[in-house]
Peer 1: 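Structure in structure tokens, see below.
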Number of protein chains: 2
Amino acid sequence: MSTAPSPATIRDVARLAGVSPATVSNVLRDHPRVSDATRARVRAAADELGYEPNALARSLRSGRSGTIALVVPDLRNAYFAELASEVIGAASRYGLRVAVEVLAGDRAHEVSVLTGSMTAFVDGLVYVPQKLLGTEIDDVLETRRAHRVPVVLLGERGADSHCPQVGYRNVEASRAVTELLLAGGARRIAAIGPHERAGSATPRLEGYLAALDAAGIPRDDALIRPTTAWHRTSGAQAVAELLADGVEVDAVFGFNDMLALGALSTLVRAGLDVPGQVQVAGFDDLEESAFALPALSTVEPGKRHAAGLALEVLAHLLEHDDEDDPGAVDSRLADFTVIPRGTTRSAR
Amino acid sequence: MSTAPSPATIRDVARLAGVSPATVSNVLRDHPRVSDATRARVRAAADELGYEPNALARSLRSGRSGTIALVVPDLRNAYFAELASEVIGAASRYGLRVAVEVLAGDRAHEVSVLTGSMTAFVDGLVYVPQKLLGTEIDDVLETRRAHRVPVVLLGERGADSHCPQVGYRNVEASRAVTELLLAGGARRIAAIGPHERAGSATPRLEGYLAALDAAGIPRDDALIRPTTAWHRTSGAQAVAELLADGVEVDAVFGFNDMLALGALSTLVRAGLDVPGQVQVAGFDDLEESAFALPALSTVEPGKRHAAGLALEVLAHLLEHDDEDDPGAVDSRLADFTVIPRGTTRSAR
DNA sequence: CTGAAAGCGCTTACAG
DNA sequence: CTGAAAGCGCTTACAG
């Protein structure tokens, strides 16, 4: 107690129980072919010594840790926090633990997280790329592939990658939520959030335009307000500029809930009636959105579904790590749900 | 390329470079006593084979992984998400990676996260307890201690534990924010969030009562509204009940920002003027709070400071793992800042 | 049912 | 400056 004791090893337990380390190992992993008497003796010895197997050694020898890593851009962003919770939930259904690693940095940091660190200790990876794009991802993940660690991509940035991917029906969901606005009588819908970079912005713009097109409404570039940062402040500012420019507008579609929430706050502060004068809709269905005033209409893209699909694919790869054709891409899309709330007018 | 290649090992590199594995190891860890010629040959061989050291083996042998685990209750809760980001930032300043593990479950799950899983692969632990209390924590962490993995507790639940702890000045901060309400002219301040269970509720109630006492205002139990869940909905409901009960109130102190935000939304929906008729203040300074309408007055308890202190203590233990007296408790408290915003009236 | 041996892939003194 | 040897703590066939 006074001198720091070395942690007990399997050999200590074996010696105390009067058996071999192999037998201790068999008892501890519930191997059937061990006599009850031996089993009891080993258990007692292990208890007495407070023995806990060294997970590092076990993992090195067996090649399995029972844990996967989830690599996400940023937990301060509620979308990723909620998605992470879904991934953790889905993993537990497969008996897998999750270690979350956060990127929140530059490209070099993203590369170092993927090549080193925790990802080296895990059996598989669910990866939501931040700065890296399709083919770069494949290059960086070469290391993981060499070590037989399967990777599943979650989100839209991995387009050209050879990794299996799970994503959302961005075009369709975006179109559906735009149609909710149209059904409420909107004719001049601002789109907040498009940009040129890879990711969800392009398909969401496409869905928005498709809805307008189907309704016979021509595209008006004055209503399309680019923002690369999809934060609350960007949404607030984009709408403030829209109003300052004197652009006529009767609805706002934020490409994610944060943008929509920022837009909503600007509209309310400006004294406009939502949804009377201006309707608002977002994309993501964050928990917070239900509590906005008025409650934000949005589309739930299928976070839980996507997390479930990602784990289904990953669990499959974990089982059949050697047989698969490395070129085979297994891509799946989650189901979405439009959620009308207080910021939209109900259809007639 | 067609048959899955085994990952290259240090022996493969050694063979190709015509040296011993020990030399390869020395080159890769930038050991100085290696000739430039050998160094170049080893580097070339490693590149050619796409060699990446097996972190598991390295860690087993060297006893260091360069990663710590952060164990937190729930990432959906913005407070923990923001705290996690601060811990990650602080760790990077010590050259440490962070693997986040989420509890979000029952006691048994909390125990299993602490004893097994990723915590077995890391050099140290920053742990924000959820269900476990002081002495139980020590029992569960016996395993980590045996393996010489230092643990630092973050938060208020570990009171009786022998682990070093970092926390907030709950009483003082709570008193200071209550005094902000008093300075704005409040006399009937509701306290939302007290409960009997371990944690921050008790000291925050104490701070609230101390402020009232100093101002010569008697305690009124009708204004003290217990809630165990510190969510937005609980805050909204508590205030709704307060209003329904016809209790006279001119200010609300939510024991965290989520409660305050819920309270604020109920007040605004009820048509009350904030801060004209009722002032509101919270505790935590979540990013979201600055964007409420009106912006929420609150107290920043020192999340970044606490994260920095936790890492300072942990880094110290990592350096001096054997010399320390296991009974020594190193507790530190973070500095707080009162943040007046739109939900309080400025003092005269 | 149990044990001796080999080995997972590294790093660490220790010789030379 | 470089290499042979031992060993981190386990698990895994393989004998018996």
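Note that the structure is predicted; figures quoted are calculated from it, not measured. Order of the sequence lines sets the chain letters (A, B, ...), proteins ahead of strands, with each chain counted from 1.
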Peer 1: Pairing donors with acceptors under 3.5 angstrom, does anything connect the side chains of A:R97 and A:S65?
Peer 2: no

Peer 1: Would you kindly give the CZ-to-C1' distance between A:R11 and C:dG3, to the nearest whole Å?
Peer 2: 14 Å

Peer 1: State whether A:T23 places a side-chain N or O below 4.0 Å from either non-bridging phosphate oxygen (OP1 or OP2) of C:dC1.
Peer 2: no

Peer 1: Specify the residue among B:S62 and B:V19 whose closest nucleotide of DNA chain D lies further upstream toward the 5′ end.
Peer 2: B:V19

Peer 1: To the nearest angstrom, how far is A:R15 atom CZ from D:dG9 atom P?
Peer 2: 12 Å

Peer 1: Looking at CG of B:L317 and CD of B:E319, how far apart are the two atoms once the value is rounded to the nearest 0.5 Å?
Peer 2: 10.0 Å

Peer 1: Output the single nucleotide from C:dC8, C:dC10, D:dT12 whose closest atom is nearest the side chain of B:P53.
Peer 2: C:dC10

Peer 1: Side chain of A:R58 only, heavy atoms from C-beta on: which candidate in D:dT11, D:dG3, C:dT12 is closest?
Peer 2: D:dT11

Peer 1: Starting at CG of A:L56 and ending at P of D:dG7, how long is that distance when rounded to a whole Å?
Peer 2: 19 Å

Peer 1: Pick the nucleotide of DNA chain D nearest each of B:D36 and A:L28; which residue has the one closer to the 5' end?
Peer 2: B:D36

Peer 1: Output yes when A:R93 and A:E312 qualify as a salt bridge under the 4.0 Å nitrogen-oxygen rule, no when they do not.
Peer 2: no

Peer 1: Could you tell me the separation between the CZ atom of B:R41 and the P atom of D:dT2, rounded to a whole number of Å?
Peer 2: 8 Å

Peer 1: Out of curiosity, A:I88 CD1 to A:I68 CD1, how far, rounded to the nearest 0.5 Å?
Peer 2: 9.0 Å

Peer 1: Could you list all the side chain to side chain donor-acceptor pair (under 3.5 Å) pairs where at least one residue sits in residues 36-54 of chain B, not counting sequence neighbours?
Peer 2: B:D30-B:R43, B:S35-B:T38

Peer 1: So which of B:V166, B:V126, B:I137 actually passes side-chain contact (heavy atoms from CB on, under 4.5 Å) with B:L153?
Peer 2: B:I137

Peer 1: Looking at B:S25, does any N or O in its side chain come under 4.0 Å of the phosphate oxygens OP1/OP2 on C:dC10?
Peer 2: no

Peer 1: Could you summarise the pairing of DNA chain D as dot-bracket text, marking Watson-Crick and G-U pairs under 3.5 Å with ( ) or [ ] inside the strand and | across strands?
Peer 2: |||.||||||||.|||

Peer 1: Once hydrogens and angles are ignored, does a donor-acceptor distance under 3.5 Å link the base of C:dG9 to the side chain of B:R61?
Peer 2: no

Peer 1: Indicate whether the side chain of B:E110 and that of B:Y127 have a donor and an acceptor atom separated by less than 3.5 Å.
Peer 2: yes

Peer 1: What is the distance from CZ of A:R39 to P of C:dC1, rounded to the nearest Å?
Peer 2: 9 Å

Peer 1: I want to check one thing: is the phosphate of C:dG9, taken as OP1 and OP2, less than 4.0 Å away from some side-chain N or O of B:T9?
Peer 2: no

Peer 1: What is the separation between atom CG on B:L60 and atom P on D:dG9, rounded to the nearest whole Å?
Peer 2: 7 Å

Peer 1: Can you see if the side chain of A:T38 gets near the phosphate of C:dC1 - specifically, an N or O under 4.0 Å from OP1 or OP2?
Peer 2: no

Peer 1: Any idea which of C:dC1, C:dT12, D:dC10 is nearest the B:N26 side chain?
Peer 2: C:dT12

Peer 1: Without decimals, in angstroms, what is the distance between A:L49 CG and D:dC10 P?
Peer 2: 12 Å

Peer 1: May I ask you to verify if any side-chain N or O of A:R64 is less than 4.0 angstrom from the OP1 or OP2 atom of D:dT11?
Peer 2: no

Peer 1: Between D:dT2, D:dT12, C:dC1, spot the one nearest the side chain of B:V34, thanks.
Peer 2: D:dT2

Peer 1: Starting from C1' on C:dG9, measure out to CG on B:D12 and report it in whole angstrom.
Peer 2: 11 Å

Peer 1: If you apply the rule side-chain contact (heavy atoms from CB on, under 4.5 Å), what do you find for B:L125 with B:L114, and how did you get there?
Peer 2: CA-CA 9 Å; B:L125 226 62; B:L114 290 172; 4.1 Å; yes

